[in-house]
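Numbers restart at 1 for each chain; the letters A, B, ... are given by sequence-line order, proteins then strands.
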Number of protein chains: 2
Amino acid sequence: MMSSEKNPTRTRILSATRTLLETQGTAAVRMSDIAKAAKISRQALYLHFPNRAELLRATVRWLDEVYDIEERLRPSRSAPDGRTRLNAWISVWGGYIPQIQGVARALQAMRDTDAEAKAAWDDRMTAVRHGCAAVVSALVADGLLTPDLAEDEATDLLHALLSVQTWEQLCKDSAWPQERYIAVMQQTAERALIRTV
Amino acid sequence: MMSSEKNPTRTRILSATRTLLETQGTAAVRMSDIAKAAKISRQALYLHFPNRAELLRATVRWLDEVYDIEERLRPSRSAPDGRTRLNAWISVWGGYIPQIQGVARALQAMRDTDAEAKAAWDDRMTAVRHGCAAVVSALVADGLLTPDLAEDEATDLLHALLSVQTWEQLCKDSAWPQERYIAVMQQTAERALIRTV
DNA sequence: TGTCAACTTGACATGGTGTCAAGCGTGAGT
DNA sequence: ACTCACGCTTGACACCATGTCAAGTTGACA
């Protein structure tokens, strides 16, 4: 928000990037396309961002700001018990995925070619993994974690379940409605992680 | 096998492609790299395959032949009941993923840029989805499918659970041993799909 | 009037894919 | 022994996206 006022062109670039990635299919979005959409010359892009990877990286960070992800996470963090926290976390993060999906996919597509893109992606993913770890740790505190999984394993599994890939496969390829995705994921995660009494 | 005798250079190319994709990181594998590894000129590659996408596509098909995926699927198909079949399917397909992972990833990385690569990838994936559908249908026949999921949804979910992505995330990024992956996936799938009595 | 920042135009290096043309060696058929 | 076709090689080139460089333009502010 702050930055939107301060630097209109930069914001226009970020917004254009996001929109293009959302609508087009990722790698089809060239620097020149972004420039055109932001109504500046291709070269001017490089006055704001040193390269494509950094632009994508900045776009994700900007989305975090715009959607105030920290604020949205509050209900999850203040949940009274492990099970509620798990469901809240899935609901929040799962609801956020559609917003970042386009950029996430672009970043992911570049991770093989571009070391910086890989770093940016790994950054984001460890943040999500921390969220998963916190949830699992809450389950452990309540004695709810299934004895079949170590705490680390449970975190990995939840993280994998909630990956952008999985969301894409279900909600884009298989056309699941967003609410159904959330509901099924909550159920699946509960069954996978929570001990049967 | 047949083809290996018949056309040694072609096989050398396919094998080199596979090895490179397995060891290097996908897009780092250029046509010239493959040519060098196969000990022919870059141009000679184009005498065998019209383009990179088709080469990758052929490599997957070739791996199916070499590892005789059909034969391996037999135990799954002849399983006596739905639950056994589910576990056998996860065990077979899950065990096959490491063999094709390198090529799968390369194909996936190209799906945005290259329509043919996308087609090749979708091809493979619908094949897997058929496998998942057959398993789910066996569960339905035995009355074992959870009432919380429609048959289609259960298929989608199983397919997502068994995606190459998920395997990569758990076995590569998180360094799970292959056996652990299989065991946890079997358990997770059972809990997600099979009704609780 | 001067100057600074943001942006523009145009040219260019780099590196990968895919194409084209010409040549070369070897084995099979005659 | 001749040649003909096949599989491969060498070398040049077009194309296209990224990223760089240099020289202008414009407008606001002092």
Side-chain angles (χ1 to χ4, degrees), chain A residues 3-17 20-21 24-59 103 105-120, chain B residues 3-17 20-21 24-59 103 105-120:
Chain A
S3 49
S4 355
E5 326 286 307
K6 263 198 134 164
N7 198 331
T9 356
R10 185 187 155 95
T11 309
R12 230 171 46 241
I13 294 172
L14 292 170
S15 166
T17 306
L20 283 180
L21 288 174
Q24 321 290 326
T26 294
V29 177
R30 293 168 291 256
M31 291 300 265
S32 54
D33 297 325
I34 296 171
K36 199 178 300 174
K39 299 187 179 179
I40 56 172
S41 68
R42 185 176 71 89
Q43 284 72 2
L45 275 186
Y46 290 97
L47 298 175
H48 291 269
F49 306 94
N51 53 50
R52 203 176 115 102
E54 193 55 44
L55 169 54
L56 295 178
R57 197 173 188 157
T59 308
V103 192
R105 178 153 171 182
L107 228 33
Q108 227 170 338
M110 293 182 66
R111 78 194 157 159
D112 292 310
T113 3
D114 192 311
E116 279 209 57
K118 176 165 166 33
Chain B
S3 49
S4 357
E5 329 283 311
K6 262 197 139 167
N7 198 332
T9 359
R10 185 186 155 94
T11 310
R12 230 170 48 240
I13 294 171
L14 293 170
S15 166
T17 305
L20 282 181
L21 288 173
Q24 321 291 325
T26 295
V29 177
R30 294 167 291 256
M31 292 299 266
S32 53
D33 297 325
I34 296 171
K36 200 179 300 176
K39 301 190 178 178
I40 56 171
S41 67
R42 184 176 73 90
Q43 284 70 3
L45 275 187
Y46 289 96
L47 298 175
H48 292 267
F49 305 94
N51 52 49
R52 202 177 114 103
E54 194 53 46
L55 169 54
L56 295 177
R57 197 173 187 154
T59 307
V103 192
R105 178 154 172 181
L107 227 34
Q108 228 170 337
M110 295 183 65
R111 79 195 156 159
D112 291 309
T113 2
D114 192 311
E116 280 211 54
K118 175 163 166 35

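The separation between R30(A) atom CZ and dC15(D) atom P is 16 Å, rounded to whole Å. Rounded to a whole Å, the CZ atom of R52(B) is 14 Å from the C1' atom of dG15(C). Between the P atom of dG24(D) and the CD atom of Q43(A) lies a distance of 17 Å, rounded to the nearest Å. Rounded to whole Å, atom P of dA11(C) lies 13 Å from atom CZ of R42(A). Counting to the nearest Å, the P atom of dG7(D) and the CD1 atom of I13(B) are 12 Å from each other. Rounded to whole Å, the distance from OH on Y46(B) to P on dC6(D) is 23 Å. For the pair E54(B) CD and dG18(C) C1', the interatomic distance rounds to 15 Å; values are reported in whole Å. Going from atom NZ of K39(A) over to atom C1' of dT9(C) covers 20 Å, rounded to whole Å.
Residues F49(B) and E54(B) come closest through the heavy atom pair CD2-O, 4.4 Å.
A heavy-atom distance below 4.5 Å is found between the side chains of L56(B) and L21(B).
For H48(B), no side-chain nitrogen or oxygen approaches OP1 or OP2 of dG7(D) to under 4.0 Å. Put simply, S32(A) has no side-chain N or O that comes within less than 4.0 Å of OP1 or OP2 on dA17(D). OP1 and OP2 of dG7(D) both lie 4.0 Å or more from every side-chain N or O belonging to T9(B).
Side-chain atoms of M31(B) lie closest to dT17(C) of the nucleotides dT17(C), dC8(D), dT8(C).
Along DNA chain D, the nucleotide closest to A53(A) and the one closest to L47(B) are compared, and the more 5′ of them pairs with L47(B).
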Assess the residue pair T17(B) and V103(B) against the criterion (side chain to side chain contact (heavy atoms under 4.5 Å, CB included)); give the C-alpha distance rounded to whole Å, side-chain angles, the decisive distance to 0.1 Å, and a yes or no. CA-CA 8 Å; T17(B) 305; V103(B) 192; over 6 Å; no
